[in-house]
Amino acid sequence: MSGKDSIKLVANNKKAYHDYFIEEKYEAGIELFGTEVKSIRQGKCSIKEAYVTIDHGEAFVEGMNISPYEKGNIFNRDPLRRRRLLLHKREINRLAGQVQMKGYTLMPLQVYFKGGRVKLEIGLARGKKLYDKRDDLKKKAMRRETEREFRSDQIRF
């Protein structure tokens, strides 16, 4: 893999997969300032409470916490400020239509570096009901149990 294609994961939103069904995924750039990029390079980024909104034909991520850069002094921005996402107009229009019509929401899934640029993976998500979450937990427990049995059977032979 060349340097252009290398991906370095910074933040992951595991809770989104637990609380939502992810229908589609999109990759978006983020409009950031220099000290925010330096802070993200140090891994000081959280998207646990973040969500994506669409206003006047532009997509924004809100609630994304980028801790202030230690050496940034006056150049540091508000850690929870609203940041614009860089998507194509047709993608924004398509997402806006689906969010309004079908009751979907947009959730940030990952923050990563791709070719030296900060990218945000957003997912078109539909909320899970409590029984869906229980089903997922049962499936995960059964899968773990079968893997454990399979491993123990291999060790005996």
Enquirer: Glu149: what forms a salt bridge (charged side-chain N to carboxylate O under 4.0 Å, His left out) with it, not counting sequence neighbours?
Expert: none
Enquirer: In sequence, state the C-alpha distance, the side-chain angles, and the governing distance for Arg144 and Glu147, and then conclude on salt bridge (charged side-chain N to carboxylate O under 4.0 Å, His left out).
Expert: CA-CA 5 Å; Arg144 256 193 240 123; Glu147 286 175 4; over 6 Å; no
Enquirer: Is it true that Glu27 and Lys114 make a salt bridge, defined as a side-chain N closer than 4.0 Å to a carboxylate O?
Expert: yes
Enquirer: Find the distance between CD1 (Ile30) and CD1 (Ile40) and round it off to the nearest 0.5 Å.
Expert: 5.5 Å
Enquirer: Is there a donor-acceptor contact under 3.5 Å from the side chain of Gln100 to the main chain of Gly97?
Expert: no
Enquirer: Lys48: which residues meet the salt bridge (charged side-chain N to carboxylate O under 4.0 Å, His left out) condition with it, sequence neighbours left out?
Expert: none
Enquirer: Got Lys38 and Gln42 here, is their nearest side-chain heavy-atom distance under 4.5 Å?
Expert: no
Enquirer: Given the rule that I, L, V, M, F, W and Y join up when any side-chain heavy atoms are under 4.5 Å apart, are Ile92 and Tyr104 in one cluster?
Expert: yes
Enquirer: Output, in order, the C-alpha distance, side-chain angles, deciding distance and verdict of side-chain contact (heavy atoms from CB on, under 4.5 Å) for Arg81 and Phe33.
Expert: CA-CA 12 Å; Arg81 75 178 183 87; Phe33 291 97; 3.3 Å; yes
Enquirer: Spell out, yes or no, whether Tyr26 and Val118 are grouped together once hydrophobic residues are joined by side-chain heavy atoms under 4.5 Å, including indirect joins.
Expert: yes
Enquirer: So if you build clusters from Ile, Leu, Val, Met, Phe, Trp, Tyr with side-chain heavy-atom gaps below 4.5 Å, do Val61 and Phe113 land together?
Expert: yes
Enquirer: So, are Glu62 and Arg83 salt-bridged, with charged N and O less than 4.0 Å apart?
Expert: no
Enquirer: Who are the side-chain contact (heavy atoms from CB on, under 4.5 Å) partners of Ala28, not counting sequence neighbours?
Expert: Leu85, Leu87
Enquirer: Is a side-chain donor or acceptor of Ser39 paired with a backbone partner of Thr35 at a separation under 3.5 angstrom?
Expert: no
Enquirer: Of all residues at least two apart in sequence or in a different chain, which pass the side-chain contact (heavy atoms from CB on, under 4.5 Å) check with Glu49?
Expert: none
Enquirer: Considering residues at least two apart in sequence or located in another chain, which fulfil the salt bridge (charged side-chain N to carboxylate O under 4.0 Å, His left out) criterion with Arg84?
Expert: Glu31, Glu58
Enquirer: Could you check whether any side-chain heavy atom of Glu121 comes within less than 4.5 Å of a side-chain heavy atom of Tyr112, counting everything from C-beta outward?
Expert: yes
Enquirer: May I ask whether Leu32 and Leu120 are part of the same hydrophobic cluster, defined by side-chain heavy atoms of I, L, V, M, F, W, Y residues being less than 4.5 angstrom apart, directly or through others?
Expert: yes
Enquirer: Please identify each residue that fulfils salt bridge (charged side-chain N to carboxylate O under 4.0 Å, His left out) with Arg143, with sequence neighbours left out.
Expert: none
Enquirer: Got a second to check how far Gln110's CD is from Ile7's CD1, nearest 0.5 Å?
Expert: 8.5 Å
Enquirer: Restricting to non-hydrogen atoms, name the atom on Val111 and the atom on Cys45 that form the minimum distance, rounded to 0.1 Å.
Expert: CG2-SG, 4.1 Å
Enquirer: Take atom NZ of Lys15 as the centre, draw a 6.0 Å sphere, and report whether it contains more than 12 heavy atoms from other residues, nucleotides or ligands.
Expert: no
Enquirer: Among residues at least two apart in sequence or on other chains, which ones pass side chain to side chain donor-acceptor pair (under 3.5 Å) with Lys25?
Expert: Tyr17
Enquirer: If I take atom CG from residue Leu124 and atom CD from residue Glu23, how far apart are they, to the nearest 0.5 angstrom?
Expert: 6.5 Å
Enquirer: Please answer: with hydrophobic residues joined when any side-chain heavy atoms are less than 4.5 Å apart, are Val37 and Ile66 in the same cluster?
Expert: yes
Enquirer: Got a second to check how far Ile54's CD1 is from Gln98's CD, nearest 0.5 Å?
Expert: 10.0 Å
Enquirer: Can you name the residues that form a side chain to side chain donor-acceptor pair (under 3.5 Å) with Asn12, not counting sequence neighbours?
Expert: none
Enquirer: For the CG atom of Leu109 and the CG atom of Asn13, what is their distance to the nearest 0.5 Å?
Expert: 6.5 Å
Enquirer: Which residue pairs satisfy the salt bridge (charged side-chain N to carboxylate O under 4.0 Å, His left out) criterion with at least one member in residues 86-109, sequence neighbours excluded?
Expert: Glu24-Arg94
Enquirer: Sequence neighbours left out, what passes side-chain contact (heavy atoms from CB on, under 4.5 Å) with Thr105? Give chain and number order.
Expert: Tyr20, Met107, Ala125
Enquirer: Please round to the nearest 0.5 Å and tell me the distance separating atom OG of Ser46 and atom CE of Met64.
Expert: 9.0 Å
Enquirer: Tell me every residue that passes side chain to side chain donor-acceptor pair (under 3.5 Å) with Asp136, counting only those two or more places apart in sequence or in another chain.
Expert: Lys128
Enquirer: For Arg117, which residues count as a side-chain contact (heavy atoms from CB on, under 4.5 Å) partner, sequence neighbours excluded?
Expert: Lys119
Enquirer: Please examine the side chains of Leu106 and Tyr51, heavy atoms only from C-beta on, and report whether any two atoms are closer than 4.5 Å.
Expert: no
